[in-house]
Structures are given as C-alpha cells and as structure tokens.
Number of protein chains: 2
Amino acid sequence: MMDTAGENTRARLVEAAREVFAEHGFQGATVREICRRADANVAAVNYHFGSKHGLLSEALNFNRLKALQSATESSDASPEERLRAFIMDFMLMLLDEDNASRQCQMMARELADPSPALDKIVVEAIAPLHEFLGRLVKEVAARKMMDADVRRCVYSILGQCLFYRNSHPVLQRMNPTLHYDRKEIEAIARHIADFSLPALRAVK
Amino acid sequence: MMDTAGENTRARLVEAAREVFAEHGFQGATVREICRRADANVAAVNYHFGSKHGLLSEALNFNRLKALQSATESSDASPEERLRAFIMDFMLMLLDEDNASRQCQMMARELADPSPALDKIVVEAIAPLHEFLGRLVKEVAARKMMDADVRRCVYSILGQCLFYRNSHPVLQRMNPTLHYDRKEIEAIARHIADFSLPALRAVK
DNA sequence: CAAGATATCAAACGCCTGTTTGAAAGTAAA
DNA sequence: TTTACTTTCAAACAGGCGTTTGATATCTTG
C-alpha cells in the first residue's frame, strides 16, 4: 500500500477541488482545472473519487461550522453576548478571504445552483445551524414565540450575514475599494448584532 | 418587412430566455433549450441577437423594479409606511411564483455567478435601488447617520428580502410544505418590516 | 410576375466537457 | 528477481455546447 505519493495526490485533489468549487460552483468548475492546480492527471479524479460528484462530496466538510456552534453553546455568557459572538465568528468564517474555510463558500455556491450534494449539506450542516440559531433566538427574546416567528427571525439574521457573501460581486462593483479585512468584518458583525437585537427584544 | 412571424419568434425567444435564464442561470441555460421552448430553430438566437450574451442583455428588463421605486417615492405616506409598502411589493415581486417578473430571478442568478451582463444590471438597477433605499432609511431613522451605517442598514433590509429567494432550495428541503402564496408572502414582508423598523428607530 | 430582402431550417463546425482505456511506472512482499 | 497490486499517464471517446453555413422558404417592393 502506498502512502506518500498516493495519499498526497488524493489530498491535493481535495484541496484544489475546494478552491475551484468555491470559486466557480459545481457546474462552473472543471475537473481539468482542479487537476491542473493539484498537479495531477485528468484521470486522477475518476480513479480516486469515481466521479466529479464524488469529489465534491469528499470536499464538503462542516467541521469548522460545527465547532463554531458548540463553542457558542458551551459558553456561559448571556444569550445576547452569545449571539454577538456567534455572528462575529460566523462572519469571520464567511468573509475571510485567504483562509482555508472554503466550505462556506462552497455551501453558498450550492444554494445558488443546487447539485445532488445539497441534500447532504442541508441535513448535516444547514438544518442543525438553523435549529441552533432558533434556540438562541428564543433565549434572547425570553418570551413565548410561535415557531414560525422564531424561524423568520433566524432567516433575518442569516439573511443579513449571507448577503455580504452572496452579493459580494455587486458590492465590489459599487464600491471598488471594498476590502474585507479583520476590522471591516468586525464592524459588519457589530452592525448585524446591533440591528438584530432591538428587533428580538421588541418581539411581541 | 415582416411583423407577424418574424417579430413573433423574436418575442417568443426573449420570453423563453427569461424562463430558462431564471431557472438555470446564464451558464446553466442552453440556447437549444431556449429555442425548444420558443419553438424556434437553434440558429434563431444568433440570427436575432448575435449571441447568447446578446439575448441575455435583451431579456434583462428593470421596468417593474423601477416602477416600484417611483411608486414608493411619490407616495405621501409616512417614511415607515413607505418602507413597509416597499418591502411588501418587493417581496411580492421576488417570490411570486408564476408571474412574468422573472427579471428579479435572473438578477439573483447573476449575483451568484456573474456574467458580463452584471455590470449593466448593477448600474441600471441595483445601484439606483440601493440609493433609493438609503434615502428611505435616513428618513425613517430621522437622525444624522454616517454613510457607512446607512449602507449597512440597506444591506440588512435587502439581505433579509433576498434570503427567501436565494435560499429557497434549502428552505424547501427543510420544509417540504413551504409554498409562497399571497398570504405567506404578506406575512414574510410584515415580519421583515417589524424586524427592521425597531433597529432603524434605535440607531444611535 | 420578377427581384430582392428577410427569416427559417437542417446540418455541420470547432471546442470543451466528464469519463474511459490500456499501457507504463512505481511499490511491496515472497 | 519475480509476482501481484496500486497509482500515474497520454490519448482517446462520446456527448453537449455556442456558433456558422448555405440552402430554402416567406414576404415586400418595383
């Protein structure tokens, strides 16, 4: 059994796939481009993963997102502070430009143009995320809320967060100097929390 | 000069193109599928519009969105009421499932995977929309606000609205009975307004 | 009607896609 | 070294893509 060369190209393929899928989405990505970046032969994808879809499935990974949720849940800060902290970490994950957390970008891509992998993403990552945020919203509101209202508050928070990622091409065109450095991301996260908390407190 | 047959296939192509572009995005749409739905020959697209891009450019139309803005601006209701009304009309336009306003769906598609037409969309539709919302936000807040804060409030409102469209495939998978009928859309719009207004009033 | 412009069509072109193939290279154990 | 197995590779495959072509209808105008 090999380990150095074989496992290396496998790992390199997965990493390159994350890059290319995040940039171009599943449809827009080509296995030739992935193999070029991984410095591997075109046939390598089908040899190691069976198909382009198999590679996508392997490239999807929600560890970072899950870790973020459990970190927030095990905190003993006030519900408001936990929501603030979650939004901050979530935005850092979403907008960090040169880090390795391309999973969120891939997920955002999947939303725009679903492939068969979306079912896996929904069950393993998005549904738990929504439930987690629903619990947090109820804690912050500290009132009896109907499920539909809780859900919509979750949508409002997530919608604000995802906007910066989904609309990035547009925002960049309208404001060419836009750049998501650490300070800017923190300001955005602070705004989203400041915008959302009054609404949650005002829930009737 | 012809008018019945010739103009007919031209118009049928534009209409079919709106359908297909809205469903699959520019990349995912094929001219063969468009021509099939328009009951036209494959060569018709290049004959009438020069290229697939030319057809996209022709299919883009922002009349409905512009009309919505001027209707809101010429109203003499209070700023809060005008914001409520705008959100309602905007959501009706975004989520209406079987109407002819596929322009917004096409625009949302463009955001996810920009084509050269995005520049036109930004300049002609999105930038004016953001400016319009910025003025409305300032009126509602009725306080001096920094430009960056105004902008972020606009993002918060638009983000909430667009979430329902962008994340529709996911929401449908998590809640299979989800259906955007008139009543549901009105409830969503009311929620977004109720969620956003306390935040705008609380602006410091 | 005849001439000429306009529109439609089947067929093909060149390119790119994901995938397959069969041979070559590399590795591990007997 | 021989044997068996895994991994890499260049090349090709079949199919879909946007676009072009040249012939054929269809219609307008003199």
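Order of the sequence lines fixes the chain letters, A, B, ..., with proteins taken first and strands second; residue numbering starts at 1 for each chain.
Contact check on E139(A) versus R82(A) returns a salt bridge, with a Lys/Arg side-chain nitrogen under 4.0 Å from an Asp/Glu carboxylate oxygen.
Rounded to whole Å, the distance from NZ on K52(B) to P on dG18(D) is 4 Å. Between the CG atom of L13(A) and the P atom of dC9(D) there is a distance of 11 Å, rounded to whole Å. Put simply, CD on E33(A) is 14 Å from C1' on dT17(C), counting in whole angstrom units. We find that CG of L55(A) is positioned 16 Å from C1' of dT17(C), with the value rounded to whole Å. Between the CZ atom of R36(A) and the C1' atom of dC16(C) there is a distance of 15 Å, given to the nearest Å. Here dT19(D) presents its C1' atom at 13 Å from NE2 of H53(B), a figure rounded to the nearest Å. For the pair R10(B) CZ and dT6(C) C1', the computed distance is 14 Å after rounding to whole Å. The CZ-P distance, from F49(A) to dG18(C), rounds to 15 Å in whole Å.
The base of dG16(D) is not paired with the side chain of R32(B) by any donor and acceptor separated by under 3.5 Å.
Among the nucleotides dA10(D), dG18(C), dT8(D), the one closest to the side chain of H48(A) is dT8(D). The listed nucleotides are dG18(D), dT8(D), dT21(C); the one nearest the side chain of T30(B) is dG18(D). Side-chain proximity of V42(B) to dT21(D), dT19(D), dT19(C): nearest is dT19(D). Here the side chain of Y47(B) is nearest to one of dT20(D), dT8(C), dG18(D), namely dT8(C). Looking at the side chain of T9(A), the nearest of the listed nucleotides dT8(D), dC9(C), dT21(C) is dT8(D).
A side-chain N or O of Q160(B) and one of S196(B) form a donor-acceptor pair less than 3.5 Å apart.
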Would H179(B) and E184(B) count as a side chain to side chain contact (heavy atoms under 4.5 Å, CB included) here? Give the steps. CA-CA 8 Å; H179(B) 180 63; E184(B) 176 69 14; over 6 Å; no
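Aromatic ring centres of F163(B) and F163(A) lie farther apart than the 6.0 Å criterion allows. For H53(A) and F26(A), the ring centers are positioned less than 6.0 Å apart.
For N41(B), a side-chain nitrogen or oxygen approaches OP1 or OP2 of dA10(C) to under 4.0 Å.
Residues A40(A) and S51(B) both approach DNA chain D. Their nearest nucleotides, taken by heavy-atom distance, put A40(A) toward the 5′ side.
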